[in-house]
Amino acid sequence: MSSQVPRHIGIIMDGNGRWARRHGRPVSFGHRQGVRAIKRVLQACEDLGVHALSIYAFSTENWARPRAEVRALMRLFHETMQREIDEMHRRGVRIVVSGRREELSARMRDRIDEAMARTAGNKNGVLNVCLNYGGRAEIVDAARSLIQDGLAARDVDEAALSARMYQPDLPDPDLIIRTAGEHRVSNFLLWQGAYAEIVVSETLWPDFGEEELKAAIAEYASRVRRFGGRPAAEAAVS
Ligand code: IPE
Ligand code: IPE
Ligand code: MG
């Protein structure tokens, strides 16, 4: 059995669009409700003793969405960071942002820098916001950094690459949750998620809360993690 509570959970927050359609509202309203779910889940993680939470907010592929939706999302991220930073800081949460910064607006980059700098010393938990994030882009960026550092081929190993990922200090995610019933990874934490347990929840992200999180953790706790090996009980009968 896995240890009961994952140290690090990653969430592919999916279903905002479907939620909005189902409620006869514009997609931007779905995204807005999605932010409320983030607050609930972050609080629940704190209560349950989950140390780190990585949330997939915007993928490197999401630029392909209609311009108006992208603009509404960016505005929402900016506004949310500005509004929530004080409370996050008071609660001792360290905020980090993962993704390619160059394509974000200067305004957004300033907000990110401010949030990261202000909360850098916090120890109660980590919120990793994956914004303009792609697992492939992250691996490409790590490879570039290896070359810039002048590493010889024989020195390129998993440790050297891991050290060049966006958040080398975070443990790998134990559990990756995807909401809205979709069974795919969509370019999230490709490197770090190599042995993550994946739980798919049918709940649309704006409806996700403590109860759904607890259910996902319970499913995680019932799994046998093998990491390519053979659990002791099986090995004994071979
Ligand atoms: C996830 O919800 C939020 C982002 C990708 C930013 P979606 O907007 O993908 O919701 P669906 O998949 O259309 O329902
Ligand atoms: C993944 O959801 C990206 C985020 C949650 C930010 P998408 O809705 O973009 O993924 P696909 O297109 O269904 O694979
Ligand atoms: Mg989606």
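Below, each value reflects all heavy atoms present in this structure, side chains not excepted, and no hydrogens, waters or symmetry copies. Start at 1 with the first residue, then count along the sequence. Counting convention: from 1, in listed order, for ligands and their atoms alike.
The distance criterion of under 3.5 Å between nitrogen or oxygen atoms is met by Asp14 with respect to ligand 1. Backbone and side-chain nitrogen or oxygen atoms of Val27 are examined, and none is located within less than 3.5 angstrom of a nitrogen or oxygen of ligand 1. In terms of polar-atom proximity, Arg21 is not counted as a contact of ligand 1, lacking any N or O under 3.5 Å from an N or O of the ligand. Annotation: Asn16 places an N or O atom under 3.5 Å from an N or O atom of ligand 1; distance criterion only.
For ligand 1, the atoms sitting less than 4.0 Å from at least one non-hydrogen atom of Ala57 are 6 (C), numbered in the order shown with element in parentheses. Under a 4.0 Å criterion applied to the non-hydrogen atoms of Arg18, ligand 1 contributes the atoms 11 (P), 12 (O), 14 (O). Annotation for ligand 1: atoms under 4.0 Å from non-hydrogen atoms of Gly17 are 7 (P), 8 (O), 10 (O), 11 (P), 13 (O), 14 (O). Atoms of ligand 2 found under 4.0 Å from any heavy atom of Phe58, numbered from 1 in the order shown, are 6 (C).
In this structure, the side chain of His89 does not engage the main chain of Ile85 through any donor-acceptor pair within 3.5 Å.
Of the N and O atoms on the side chains of Asn187 and Tyr56, not one donor lies less than 3.5 Å from an acceptor on the other residue. In this model, a donor atom of one side chain and an acceptor atom of the other lie less than 3.5 Å apart for Gln192 and Glu138. If you check the side chains of Trp63 and Asn132, you find a donor sitting under 3.5 Å from an acceptor. In summary, the side chains of Ser186 and Arg178 do present a donor paired with an acceptor at a separation below 3.5 Å, with no hydrogens or angles considered.
With a heavy-atom cut-off of 4.0 Å, Phe188 does not touch ligand 2 at all. Residue contacts with ligand 1, taken as heavy atom pairs separated by less than 4.0 Å, involve Asn62 solely via side-chain atoms from C-beta onward.
Distance remark: protein heavy atom not present below 4.0 angstrom from atom 12 (O) of ligand 2.
We find that Asp207 and Arg40 are not joined by a salt bridge, their nearest charged nitrogen and carboxylate oxygen being 4.0 Å or further apart. Ion pair Arg75/Glu79 not flagged as a salt bridge, since none of the NZ, NE, NH1 or NH2 atoms sits closer than 4.0 Å to an Asp/Glu carboxylate oxygen.
One hydrophobic cluster, built from ILVMFWY side chains closer than 4.5 Å, cannot hold both Leu170 and Val50; they sit in different ones.
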Can His8 and Asp172 be said to form a side chain to side chain contact (heavy atoms under 4.5 Å, CB included), step by step? CA-CA 7 Å; His8 179 186; Asp172 286 343; 5.9 Å; no

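With Arg32 as the partner, the side chain to side chain contact (heavy atoms under 4.5 Å, CB included) test is satisfied by one option alone out of Asn16, Val27, Leu76: Leu76.
The nearest heavy-atom contact from the protein to atom 1 (C) of ligand 1 is Met13 O, 2.9 Å. Protein heavy atom closest to atom 14 (O) of ligand 2, with residue, atom name and distance, is Ser186 OG, 2.6 Å. Protein heavy atom nearest atom 5 (C) of ligand 1, with residue, atom name and distance: Arg65 NH2, 3.4 Å.
Within the structure, ligand 1 has Gly15 among the residues with a heavy atom less than 4.0 angstrom away.
Looking only at its N/O/S atoms, Asp14 has OD1 as the one nearest to the Mg ion (ligand 3).
Summarising the geometry of Ala160 relative to Leu151, their closest heavy-atom pair is CB-CD2, 4.0 Å, with the distance given to 0.1 Å.
For atom 10 (O) of ligand 2, the choice among Arg178, Glu182, Arg184 with the nearest heavy atom turns out to be Arg178.
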